[in-house]
Amino acid sequence: MEMDQLSPGSLFSLAVATTILLWFVLRQALSGGKDTGAKLPPGPWNLPIIGSLHHLVIGTRLPPHRALLRLSRRHGPLMLVRLGEVPKVIVSTPEAAMEVLKTNDLTFATRPSGPTLDIVSSGGRGLVFAPYGEHWRQMRKVCVVEVLSARQVRRIESIKQDEVARLLESVAEASTASPAATVDVGERLVRLTNNVIARAAFGGECRQQEAYLRELARMSTLVGGFSLVDLFPSSRLVRWLSSAAGDVRRSHARVQRILGDIIRERQEKKPNADSAAAAARDDEDLLDVLLRLHKEDALSFPLTPEIISAVIFDIFGAATDTTAATIEWAMAELIGNPHAMAKAKLEVRQRLGVHHRRSVVTSADLSDLHYLRMAIKETLRLHPPIPMINRACQEDCQVMGYDIPKGTAVMINAFAVGMDPAHWGEEAVEFRPERFEEMGTEYGWQVPQMEFIPFGAGRRQCPGALLATTTIELVLANLLYYFDWAIPGGAAPETLDMGEVFGIIVRTRSSLFLQAVAACHLQDH
Ligand code: HEM
């Protein structure tokens, strides 16, 4: 029985199974729950057992971030919903985000826990889901200072160019086939971002990459916080009915086995590597860096192989699908908006000239591509790949005049924030990159008023934003410079499926299949 994803069917089954308990629950409710006197945020009315879930599924087929945006328009920028048995505060406007991510940055600097999250976070031993504290501080520093150091970024730059060249060659091959083959854009992009991170992390490509990717994708859809086990963490009935926790555990174990093999092989290959000499070399990959830190043993929390594996897993998860999904959404939006596509293409081709001699447009060529950059921002505003940013409250506090008790899970709806009509106007749903120009040339990736937060904000904000945005620019510039793109069969742009699959990362519902026609000759690499 497939009970795991939030759907009307699964909720109905659950409601029937629990109806017999309703009377007792109602009796308890009528006899009066404890009134703590706290002034909690407003929210929709709740049903026993399922809480507010019916508002998210009945009469709507919207994914959670969209359904929650709709609810917030009725109940306010700070809203308390009960997702099953878990109360969550939903933050939906820039003003509310400002209070959580800036005014109370430290109070909300931790992540919530939950059955599936606890599994993928290896019990908080990695970085992305680690609870706030010394371990997180250390791992964040390792990530920023060592993993994303200037030297590593330089190394990754040449890997990116190499992988982009491979992508272009494979697209060129499809475009010259007879009849011309369609390109599964999403699949190629996931491959590209995975190859980049795999080569950055392990030097070579991961031999078990296919299996690794399959398990990562499976986990992403199960760990969005809307699996039944996460909604009813204390229910034995749900645990019995649901396979989500077991599926996540199995996928996670497989991924950890693959990573464990890679780490062991590396340790066996370079058992006596002189760490200082290795550090001085430019070819030290992320695994070398982490193993060197393990050997130096100078950190307060020793980097055990388990922690190294958890951190690499986190960086893979954080860096690959987010970047690939953004490029895919950008291509979908540009195809769906021919006027924007024409402008972006013209800019790339005019700025780079027709006689671009290198086989790949490099990062050095990207500085003047203002329209393309705005198109990427607009894509991230409309399709933040992580629309629901998970945080938790570390101590009792007040936000917008409401009491938030310690331990409350908080979801910042980055999608809703980017849709706020007070900042983005009534036509906020439209893809219009020019709006960023109208808001001022300085309107950057980080904005002071929190109306654009695809990378989060505050001390837990994404440390990979620069790596991500430069990769997205590089790939898009190349795709638009070398090819003209169209929907196969000449279908109209409106026919493009812009539906979403919800998970920890939101992706396009249907693969984006496009036809590419070479716009200029791709020189041999
Ligand atoms: C388009 C691409 C990306 C998007 C939209 C994105 C978005 C995000 C968001 C929303 C968060 C949570 C921030 C918060 O809680 O305030 C996050 C965290 C994180 N991201 Fe990214 N990210 C992207 C790419 C990357 C890349 C390339 C890396 C590579 C290292 C990365 C590494 C991380 C890490 C390590 C965290 C956890 C930080 C912490 O908890 O301290 N991300 N990202």
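Each ligand, and each atom within it, is numbered from 1 in the order the structure gives. Heavy-atom basis, side chains included; hydrogens, waters and symmetry copies ignored.
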Who's the nearest protein heavy-atom neighbour of atom 9 (C) of ligand 1, and how far? Ile386 CD1, 3.9 Å

Please state which part of Val128 comes within less than 4.0 Å of ligand 1, counting heavy atoms only: side chain, backbone, both or neither. both

Between Phe313 and His252 (judged by ring centroids, cut-off 6.0 Å), do the two rings come close enough to count as a pair? yes

Please work out whether the ring planes of Tyr132 and Trp136 are parallel, tilted or perpendicular, with thresholds of 30° and 60°. tilted

Step by step, work out the side chain to side chain donor-acceptor pair (under 3.5 Å) result for Arg391 and Thr110. CA-CA 6 Å; Arg391 298 289 189 91; Thr110 198; over 6 Å; no

Going by distance alone, is a donor N or O of one side chain under 3.5 Å from an acceptor N or O of the other, for Tyr371 and Glu434? yes

Among non-hydrogen protein atoms, atom 16 (O) of ligand 1 lies closest to Arg391 NH2, 2.7 Å

Considering only protein heavy atoms, which is closest to atom 32 (C) of ligand 1, and at what distance to one decimal place? Ala318 CB, 3.5 Å

Evaluate Arg140 for polar contact with ligand 1, using N/O atom pairs at a separation under 3.5 Å. yes

Report yes or no: does Gly458 have a heavy atom closer than 4.0 Å to ligand 1? no

Among all protein non-hydrogen atoms, which one is nearest to atom 6 (C) of ligand 1, and what is the separation to 0.1 Å? Phe455 CD2, 3.6 Å

Any N or O of Trp136 closer than 3.5 Å to N or O of ligand 1: yes

Sub-4.0 Å heavy-atom approach of Met139 to ligand 1: no

Where on Ala457 is there a heavy atom closer than 4.0 Å to ligand 1, on the side chain, on the backbone, on both, or on neither? backbone

Checking heavy-atom distances from atom 22 (N) of ligand 1 to each of Ala465, Pro454, Gly126, Cys462, the winner is Cys462

Any heavy atom of Thr326 under 4.0 Å from ligand 1? The part involved is side chain

Consider only side-chain N and O atoms of Ser300 and Glu134, and report whether a donor and an acceptor are under 3.5 Å apart. no

Taking the basic N atoms (NZ, or NE/NH1/NH2) and the acidic carboxylate oxygens, is any pair closer than 4.0 Å for Lys102 and Asp105? no

Using heavy atoms and a 4.0 Å limit, tell me yes or no: is Phe129 in contact with ligand 1? no

Quick one: are the ring centres of Trp424 and Phe436 less than 6.0 Å apart? yes

heavy-atom search around atom 23 (C) of ligand 1 in the protein gives Thr322 OG1, 3.6 Å

So for Asp314, does at least one of its heavy atoms come nearer than 4.0 angstrom to any atom of ligand 1? no

Heavy atoms only: which of Ala130, Pro463, Gly464, Pro385 lies closest to atom 36 (C) of ligand 1? Pro463

Check ion pair Arg199-Asp285 (N to O, under 4.0 angstrom): no

So, Glu438 and Arg435, do they make that salt bridge, N to O below 4.0 Å? no

Taking atom types as modelled, find out whether Glu328 and Thr508 have a side-chain donor-acceptor pair closer than 3.5 angstrom. yes

Atom 35 (C) of ligand 1 sits nearest the protein heavy atom Leu127 CD2, 3.5 Å

Checking side-chain polar atoms at under 3.5 Å, does Gln256 have a donor or acceptor matched by the opposite partner on Ser309? yes

Is the shortest N/O to N/O distance between Arg111 and ligand 1 below 3.5 Å? yes

For Asp230 and Gly114, work out which heavy atoms get closest and say how close. OD1-C, 3.9 Å

Taking atom 29 (C) of ligand 1 as the reference point, the nearest protein heavy atom with its distance: Ala319 CB, 3.6 Å

N or O pair under 3.5 Å between Arg460 and ligand 1: yes

